[in-house]
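For reference, the structure is listed below as structure tokens.
Each chain gets a letter, A, B and so on, in the order its sequence line appears, and its residues count up from 1.
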Protein chains: 2
Amino acid sequence: MRLVIADCSVDYAGRLTAHLPRARRLLMLKGDGSILIHSETGSYKPLNWMNPPCNFSIHEPEEEHLNDGVISRWRVSQVKTADILWIQIYEIHLDVDHELGKDPGLIKDGVEAHLQELLAAQIELIGEGAQLIRREYMTPIGPVDILAKDATGQTVAIEIKRRGEIDGVEQLTRYLELLNRDAAIAPVRGIFAAQEIKPQAMTLAKDRGISCLILDYEAMRLDSFDPDSLFG
Amino acid sequence: MRLVIADCSVDYAGRLTAHLPRARRLLMLKGDGSILIHSETGSYKPLNWMNPPCNFSIHEPEEEHLNDGVISRWRVSQVKTADILWIQIYEIHLDVDHELGKDPGLIKDGVEAHLQELLAAQIELIGEGAQLIRREYMTPIGPVDILAKDATGQTVAIEIKRRGEIDGVEQLTRYLELLNRDAAIAPVRGIFAAQEIKPQAMTLAKDRGISCLILDYEAMRLDSFDPDSLFG
DNA sequence: ATCTTAATTTCGGCA
DNA sequence: TGCCGAAGTTAAGAT
């Protein structure tokens, strides 16, 4: 990875057109050919960037640029699309190169997929006597997170979110509308399950006859290791 | 901005739990207190990060870490939330500090607002004889991108997206429901216009009687410069 | 301050 | 490979 701190201006043309006036910035040239342009502020998103794979070339400044004090022009272009980034370099304050090698990558824990897995394994959390039909039940408009049957034999569609907001209720509503057209499983009722449900989402769900279920991730995780369950 | 290239391992605990095994990486400490951890690959998103404002402190490694060869531990915590990042440093290969100063910021051009402007100017793209009523037509639940009348005199509500996905159809559906309660303009039909429309969104739109219109940004942009239009 | 919507979204999973 | 949905989404604009 090559790190350059330089006074530069940038022009991007691709999915949109953008320009960065002259200022001191960090230019980060990754081993995969990508480039990121960072400033002192702003969260992790760079001011400008080019995704790999891309071509990098150095050009002599034309007269117009020389008069402005440009000492070099960098051209970075996307190989697959027409995106182009032009960087005008005025002065370089740092220029170092280090090989980082391959990264083993991030190990994550505690995302939506986990919640789904846990609830499928502990389906009785939606009500005693409930039985799992299947996870990721496919419909023409997308997969329903969990399809189950309750103690009375009624089909239940469950939408799981980490944070329950209005669009999750909308999503479940669409599924229910579709599923209820299928005579084989209708009538289907809905459960909106999340670690946290926003009041607005709760209100909308109730208004549509959808039950809400707050999931306790920690408790579910512990339960999944409950030795009793091995003999259940 | 401080740039450190170091052999390190990272543990994040916050909205999720994540771990990065030991490897050589770039640690970027911005002036606003944020930190980014980048590897040689991957697009602009860092492997791990902490958003400003945050507290930074250096800790002596405990025995368990010393045995692993840790020479220092960095603790970065979010001020507002409970998020914490622990970085174990094994070896430092670069450590430089440069002041970048304030950045003048990015100037953009060519996003969704542009599409709306172009379609309003070329409203006949939705059908010959169509006429613009107005852009950003206000309703209690938000502005409809474009309201128009077709050749038959029927009111048309248009939702514009760069990429048409399901939530855009939902949005238009809500507007149509509301607009159709207004006797002065009802009945209102809907058009979902985008540069690209996802199959599922297309399906849902058709199911709800909403037409779809693919917008050719380049063609529309060229048309808007058509010299004939100056004399039309 | 809070909520809504766009993003050069990026990223991972599955058909 | 393409499509779909989640993300520690982030970020910008409106209420």
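- Side-chain proximity of Gln200(A) to dT8(C), dG5(D), dT4(C): nearest is dT4(C).
- Nearest to the side-chain atoms of Lys161(A) among the listed nucleotides dC11(C), dA6(D), dC3(D) stands dA6(D).
- Side-chain proximity of Met138(B) to the nucleotides dT15(D), dT10(D), dT8(C) is greatest for dT15(D).
- Between Trp74(A) and Phe56(A), the ring planes are perpendicular. Angles over 60° get that label, and only those under 30° would be called parallel.
- For dT4(C), neither phosphate oxygen OP1 nor OP2 lies less than 4.0 angstrom from any side-chain nitrogen or oxygen of Gln171(B).
- Nucleotides of DNA chain D nearest to Lys45(B) and Glu165(B) differ in position, and the one nearer the 5' end is that of Glu165(B).
- Listed nucleotides dT9(C), dT8(C), dC4(D) differ in distance to Asn48(A); the shortest reach to its side chain belongs to dT8(C).
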Inset, instruction - Assess whether side-chain contact (heavy atoms from CB on, under 4.5 Å) is satisfied between Gln171(B) and Lys161(B), documenting all intermediate values. - result: CA-CA 11 Å; Gln171(B) 202 175 335; Lys161(B) 294 279 180 221; 3.1 Å; yes
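- Both Gly42(A) and Lys108(A) sit near DNA chain D, but only Lys108(A) has its closest nucleotide nearer the 5' end.
- Among the heavy atoms of the strands, none lies under 4.0 Å from Glu136(A).
- Distances shown here put a side-chain N or O of Asn51(B) below 4.0 Å from the OP1 or OP2 atom of dT10(D).
- Across the protein-nucleic acid pair, Ile84(A) atom CD1 and dT8(C) atom P stand 18 Å apart, rounded to whole Å.
- Looking at Arg24(A) and Glu40(A), no side-chain N of the basic residue comes within less than 4.0 Å of a carboxylate O on the acidic one, giving no salt bridge.
- Distance from the side chain of Glu159(A) is smallest for dA6(D) among the nucleotides dA6(D), dT9(C), dA6(C).
- With dT10(D), dA7(D), dC3(D) as the candidates, the nucleotide lying closest to the side chain of Ser43(A) is dT10(D).
- Whole-Å rounding puts the Tyr137(A) OH to dG5(D) P distance at 17 Å.
- In this entry the distance linking CG of Leu36(B) with P of dT10(C) reads 16 Å, nearest Å.
- Gln116(A) places its CD atom 14 Å from the C1' atom of dG12(C), with the value rounded to the nearest Å.
- Residue Arg162(B) has no polar side-chain atom (N or O) positioned under 4.0 Å from OP1 or OP2 of dT8(C).
- As a whole-Å value, the separation of Asp103(B) CG from dA11(D) P is 14 Å.
- Between Arg174(A) and Glu170(B) a salt bridge is recorded (basic side-chain N to carboxylate O distance below 4.0 Å).
- As judged by a 4.0 angstrom heavy-atom cut-off over every strand, Gly142(A) is placed among residues touching the sugar-phosphate backbone only.
- Atoms CG (Leu204(A)) and P (dC3(C)) sit 15 Å apart, rounded to a whole Å.
- The aromatic ring of Tyr44(A) does not sit over the base of dT10(D), since the test of centres under 5.5 Å and planes under 30° is not met.
- Distances shorter than 4.0 Å separate none of the side-chain N or O atoms of Trp49(A) from OP1 or OP2 on dT9(C).
- Among the protein residues, Met50(A) comes within range of no part of the nucleic acid, since none of its heavy atoms lies under 4.0 Å from any strand.
- The aromatic rings of Tyr44(A) and Trp49(B) lie perpendicular to each other, with more than 60° between the two planes, well past the 30° mark.
- One distance of note links CD1 of Ile158(B) with CG of Leu172(B); it measures 9.5 Å at 0.5 Å rounding.
- Computed from coordinates, the Arg135(A) CZ to dC14(C) P distance equals 9 Å when rounded to whole Å.
- Distance CD1 (Ile166(B)) to C1' (dA6(C)): 18 Å, rounded to an integer number of Å.
- A sub-4.0 Å separation between OP1 or OP2 of dT10(D) and a side-chain N or O of Arg15(B) is present.
- Here, dA12(D) and dT10(C) have their P atoms 16 Å apart, quoted to the whole Å.
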